[in-house]
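Per chain, numbering begins at 1; letters A, B, ... match sequence-line order.
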Amino acid sequence: MGLLSKKDSKLILDPLADNNPITIQVLGICSALAITAQLKPSIVMAISVLFVMGVGNVVISLMRNIIPSKIRIIVQLIVVATLVIIVDQVLKAFSYALSKELSVFIGLIITNCIIMGRFEAFALGNGVWRSFLDGIGNALGYGVILIIVGFFRELLGSGTLFGLKVLGDPVEKTGLYAIGYENNGFMVLPPMALIVVGLIIWVQRSRNKALIED
Amino acid sequence: MEHLELFFKSIFVDNMVFAYFLGMCSYLAVSKKVSTAVGLGAAVIFVLTITVPLNWLLDQYLLQEGALSWLGEEYASYDLSFLSFIMFIATIATMVQLVEIVVEKFSPSLYNSLGIFLPLIAVNCAILGGSLFMQSREIETLGLALNYGFSSGIGWFLAILAIAAIREKIRYSAVPPALRGLGITFIITGLMAIGFMSFGGMLTGGDEPAAKPEETSALIEKEKEEKQVESKAEVSLVDNLNKN
């Protein structure tokens, strides 16, 4: 990372693991879990949040000295809502089926707590470039969890990745299915998203004892 | 009948937390003690009951395609629905602020119990989610919108009350250290969600000779669109069962 100083690269790398927005800060779970039954919507969601957070952090950081602190929540909400409308319209224009599948969850990026949380905690008090990096870092940390959950749920639940039958054909009994493997239909149901995240937290905290709560 | 059905459906079948994971952030953060959970739950019911009908009016008379026709013929072709995110969130933020001021003036005791939770609620996904679902499900009348807001609020309240009670008790259990706190809460919520799925048969299960066929099929179509993922899972479950 020749481009970034050590402090700056920490801004991006920290949220990926030890300060992950979902597993450690417990932010932004709301709009995340319902759409992770498959890999593709998870990635689209991750990219949408990346865009909204990167741009949003920059905008808030630019305005940080002129926003009256009493109405800052409303100002932040308006900024996010505008960006989310852009994302929503782009999705509707270029990938209508996917936008139908994500239904209200694109709109719910507005109230995604990571975004408001980073605005409050970082963009309001830091310069433009650092805010941008912080936004990108946190959005990546969020996206990584989304993609991990989406990967396991699609692979174990439907035996596919991006709709490709990677484990063979369940109807014609090829690949793994030939030796009696069955899809776990349970993985596709919404509650399993929570349990998969719970297990990710378990793995992460077992590896890093400092994160364990009392 | 319509009202009763929507009421139970929004509380149990389409529970905000267990079916759609809405409002998870505050659900996880404020569920350590039953008393605070009750406070936040009550505030959510309150705000949802106010904002959903309000946004319904906005949607009907301002945002939908052709909604502006009450202004005159020339406005009938306008479709402002792309503005709905920003309108809804602005309504919610202002209503929350307004409710806070009114409650503080007229009922200081209620304000003291709800007070700290009200500002939190503006960014609670369940509130915006309520309005967005109201819009995407095309709820027909103001009364139904009111009902929907109130009953989904109750659903959320029940969820946070239940998890808070469980978390108070789980302190005495031997949970693996790395799972303590957040991890186990996630897993319990998942298990509770599985439990709540059994309510799914409450309205669709059994034989329904009374329902009009075209109406139900339209409903089923819509449900399918919304819960595409879920139905896929059911299909594959059924497939597996058949094979066995």
Visitor: Which distance, rounded to the nearest 0.5 Å, do you find between the CG of Asp88(A) and the OG of Ser84(B)?
Guide: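 Rounded to the nearest 0.5 Å, the CG-OG separation comes to 8.0 Å.
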
Visitor: Checking side-chain contact (heavy atoms from CB on, under 4.5 Å) for the pair Thr189(B)/Ile195(A): CA distance, chi angles, key distance, verdict?
Guide: CA-CA 8 Å; Thr189(B) 310; Ile195(A) 294 179; over 6 Å; no

Visitor: How many angstroms lie between atom CD1 of Ile184(B) and atom CD1 of Ile201(A), to the nearest 0.5 angstrom?
Guide: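 Going from CD1 on Ile184(B) over to CD1 on Ile201(A), the span is 10.5 Å.
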
Visitor: Would you check, one step at a time, whether the test side-chain contact (heavy atoms from CB on, under 4.5 Å) holds for Met24(B) with Leu194(A)?
Guide: CA-CA 11 Å; Met24(B) 285 298 285; Leu194(A) 287 166; 3.5 Å; yes

Visitor: Work out which heavy atom in Arg180(B) is nearest to a heavy atom in Arg205(A); give both atom names and the distance.
Guide: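 Heavy atoms of Arg180(B) and Arg205(A) come nearest at O-NH1, 3.8 Å.
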
Visitor: With chain A, which of Ile92(B), Ile194(B), Leu83(B) has the greatest number of heavy-atom pairs at distances under 4.5 Å?
Guide: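 The option with the most such pairs is Ile194(B).
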
Visitor: Would you name the heavy atoms of Pro191(A) and Met197(B) that are closest together and state the gap between them?
Guide: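 For Pro191(A) versus Met197(B), the nearest heavy atoms are CG-SD, 3.5 Å.
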
Visitor: Can you tell which of Ile86(B), Leu179(B), Leu132(B) has the highest number of heavy-atom pairs within less than 4.5 Å of chain A?
Guide: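 The candidate making the most pairs under 4.5 Å is Leu179(B).
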
Visitor: Between Gly107(A), Ala193(A), Ser158(A), who has the most heavy-atom pairs with chain B when the cutoff is under 4.5 Å?
Guide: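 Looking at each option in turn, the highest pair count goes to Gly107(A).
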
Visitor: Is Leu128(B) close to chain A through its backbone or its side chain, or both, or neither, when contacts mean heavy atoms under 4.5 Å?
Guide: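 Backbone plus side chain of Leu128(B), per the 4.5 Å heavy-atom cut-off to chain A.
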
Visitor: Looking only at non-hydrogen atoms, find the nearest pair between Phe105(A) and Tyr20(B) and report the distance.
Guide: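 That would be CE2-O, 3.7 Å.
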
Visitor: More than 12 heavy atoms of other residues, nucleotides or ligands under 6.0 Å from CD of Gln89(A): is that the case?
Guide: yes

Visitor: Could you grab the distance from atom CD1 of Ile86(A) to atom CZ of Phe85(B), nearest 0.5 Å is fine?
Guide: 12.0 Å

Visitor: Distance from Phe186(B) atom CZ to Ile200(A) atom CD1, nearest 0.5 Å?
Guide: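 If I round to the nearest 0.5 Å, the distance is 9.5 Å.
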
Visitor: Specify the closest pair of heavy atoms between Ile89(B) and Ala81(A), including all atoms of both residues, with the distance to one decimal.
Guide: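 Scanning both residues completely, I find the closest heavy atoms to be CG2-CB, 4.0 Å.
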
Visitor: In Å and rounded to the nearest 0.5 Å, what is the CZ to OG1 distance from Phe21(B) to Thr36(A)?
Guide: 7.0 Å

Visitor: Measure distances from Thr82(A) to the heavy atoms of chain B and classify the residue's part below 4.5 Å as side chain, backbone, both or neither.
Guide: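 For Thr82(A), backbone and side chain are both near chain B.
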
Visitor: Looking at every heavy atom in both Ala93(B) and Ile74(A), which two are closest together, and how far apart are they?
Guide: CB-CG1, 3.9 Å

